Amino acid sequence: MSLPKKAIGIMGGTFDPIHYGHLVTAEAVRNEFDLEKVYFVPSGNPPHKDPNLVTDSQHRYLMTFLSITTNKYFEMSPMEINRTGKSYAYDTVKVFRQNFPDHGIYFITGADAIKEILTWHRVEELLDICYFVAATRPGYDLDDLQKEELKVLPEEYLKRIKIIEVPAMAISSTEIKKRVKERKPIKYLLPEAVEQYIYKNELYTSGQLDE
Ligand code: ATP
Ligand code: MG
């Protein structure tokens with residue numbers, strides 16, 4: 001199957017907060033598949049989640065905005081934040097499919113997220129309209145990923161899942177929140193503007209962790 005000439009990427013996430021793991025992954029995928037743009041799409045406030053565990057969407061939106069200013073290929077969309085009800089990747093990709101009818105669409109996730117793909121809402125319809133890119137992150141075995149769990153998908157869908165290795169980055173939002181709460185440094189784990197934004201708005205200092 002030949003890959004489409006023109007393509008864009010979509011990077012979804014809670015981005016609570018966004019960090020260099022997300023940014024390095026998006027840039028690596030952009031380069032690998034020669035994407036015209038990568039759109040960051042922060043998820044809405046999930047109605048079924050305890051609001052104390054997910055930071056207000058305005059903060060997550062602004063931190064994402066601050067992070068993409070230095071990359072001309074990075075854009076963002078508030079569509080999931082503005083949407084009421086549950087936010088499904090399928091609904092988001094469908095909108096991009098309508099707006100970019102001639103482009104290939106690469107939906108970018110970490111390998112941990114792609115392992116859950118089989119449980120996703122309308123996964124086969126999703127794979128009909130986009131490619132999936134699973135970026136490896138430390139602790140997730142690619143061979144295992146390729147060989148086992150996804151094999152229940154029909155071959156035509158498996159071919160639409162691309163695996164790429166990104167520089168090893170053991171950074172997670174969970175770890176950053178924990179470090180802020182424990183007053184440990186977060187410098188060099190995320191863009192400086194986001195670090196300053198977190199301190200200025202006193203995010204993650206209390207009541208934000210599951211403990
Ligand atoms: P949390 O610790 O709260 O789960 P997270 O760091 O995984 O946060 P998310 O916003 O949940 O961040 O992730 C959005 C997407 O980015 C997911 O597809 C996830 O797999 C991917 N991702 C997150 N961190 C990394 C990383 N360090 N390297 C590669 N991909 C990552
Ligand atoms: Mg995660």
Side-chain angles (χ1 to χ4, degrees), residues 9-33 38-46 48-57 59-68 74 76-78 80-81 87-90 92-93 105-121 123 126 130-142 144-145 149-150 161-182 184 186 188-191 194-195 198 203-204 207-211:
I10 302 172
M11 178 96 202
T14 316
F15 303 137
D16 189 15
I18 190 163
H19 53 69
Y20 281 136
H22 301 128
L23 295 162
V24 166
T25 299
E27 179 64 6
V29 176
R30 183 198 68 73
N31 181 60
E32 177 76 18
F33 297 104
V38 175
Y39 291 85
F40 286 72
V41 185
S43 60
N45 281 328
H48 54 281
K49 271 200 183 166
D50 180 345
N52 289 325
L53 299 182
V54 179
T55 306
D56 186 86
S57 59
H59 284 314
R60 294 185 291 106
Y61 185 87
L62 287 172
M63 289 191 283
T64 306
F65 177 82
L66 290 172
S67 303
I68 63 170
F74 287 180
M76 65 183 297
S77 163
E80 289 196 5
I81 281 174
S87 261
Y88 292 117
Y90 176 69
T92 300
V93 177
I105 298 179
Y106 289 77
F107 190 85
I108 307 165
T109 73
D112 57 331
I114 202 146
K115 279 188 172 185
E116 291 156 20
I117 180 181
L118 298 172
T119 65
W120 285 27
H121 182 65
V123 61
L126 188 55
C130 71
Y131 296 91
F132 255 78
V133 187
T136 52
R137 60 192 294 194
Y140 295 92
D141 184 342
L142 264 192
D144 170 41
L145 172 76
E149 295 164 47
L150 298 174
I161 299 177
K162 314 280 173 199
I163 312 273
I164 92 155
E165 285 194 47
V166 296
M169 300 208 74
I171 305 174
S172 74
S173 302
T174 302
E175 175 64 20
I176 290 172
K177 282 188 272 203
K178 193 162 165 274
R179 293 179 71 85
V180 174
K181 199 171 180 189
E182 292 169 352
K184 289 183 179 160
I186 55 171
Y188 312 126
L189 298 176
L190 73 187
V194 178
E195 181 191 350
I198 290 171
L203 303 183
Y204 312 129
Q208 302 269 347
L209 292 175
D210 237 329
E211 312 169 318

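All values reported here derive from a predicted model rather than from experimental measurement. Note that these values count all heavy atoms, side chains included, but never hydrogens, waters or copies made by symmetry. In each ligand, atom 1 is the first atom listed, and ligand 1 is the first ligand listed.
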| query | Quick one: does Glu175 get a heavy atom under 4.0 Å from ligand 1? | reply | no
| Do any N/O atoms on Asp16 end up under 3.5 angstrom from N/O atoms on ligand 1? | no
| Which of the numbered atoms in ligand 1 are below 4.0 angstrom from a heavy atom of Thr109? | 18 (O)
| request: Decide if atom CZ of Phe65 counts as having more than 12 heavy atoms of other residues, nucleotides or ligands within a radius under 6.0 Å. | output: no
| said: Any side-chain to backbone donor/acceptor pair from Asp16 onto Thr55? Under 3.5 Å, distance only. | reply: yes
| field | For Met11, atoms of ligand 1 separated by under 4.0 Å from a heavy atom | value | 15 (C), 16 (O)
| Enumerated ligand 1 atoms positioned under 4.0 Å from heavy atoms of Gly12 | 14 (C), 15 (C)
| Verdict with reasoning, Val29 to Val38, per side chain to side chain contact (heavy atoms under 4.5 Å, CB included) | CA-CA 9 Å; Val29 176; Val38 175; over 6 Å; no
| said: How long is the straight-line distance from CZ of Phe40 back to OG of Ser67, given to the nearest 0.5 Å? | reply: 8.0 Å
| said: Applying side chain to side chain contact (heavy atoms under 4.5 Å, CB included) to Thr64 and His22, what does each step give before you reach the verdict? | reply: CA-CA 10 Å; Thr64 306; His22 301 128; over 6 Å; no
| request: Report the part of Ser173 in contact with ligand 1, treating N, CA, C, O as backbone and CB onward as side chain, heavy atoms under 4.0 Å; options are side chain, backbone, both, neither. | output: both
| task | For Thr14, counting its heavy atoms only, list the atoms of ligand 1 lying under 4.0 Å from any of them. | result | 10 (O)
| query | Do any nitrogen or oxygen atoms of Val166 come within less than 3.5 Å of a nitrogen or oxygen of ligand 1? | reply | no
| Option whose closest heavy atom lies nearest to atom 29 (C) of ligand 1, chosen from Leu53, Ile176, Ile18, Thr25 | Thr25
| query | At a 4.0 Å threshold, what atoms of ligand 1 neighbour a non-hydrogen atom of Ser172? | reply | 2 (O), 6 (O)
| If you count the atoms of ligand 1 from 1 in the order shown, which ones are under 4.0 Å from a heavy atom of Gly13? | 10 (O), 14 (C)
| Close approach, Ala111 and ligand 1, non-hydrogen under 4.0 angstrom | no
| remark: Per side chain to side chain contact (heavy atoms under 4.5 Å, CB included), Met76 is matched among Val41, Ile68, Ile18 by Ile68
| query | Would you call the rings of Tyr106 and Tyr131 parallel, tilted or perpendicular, where under 30° means parallel and over 60° means perpendicular? | reply | parallel
| field | Evaluation steps, side chain to side chain contact (heavy atoms under 4.5 Å, CB included), between Arg30 and Ile108 | value | CA-CA 10 Å; Arg30 183 198 68 73; Ile108 307 165; over 6 Å; no
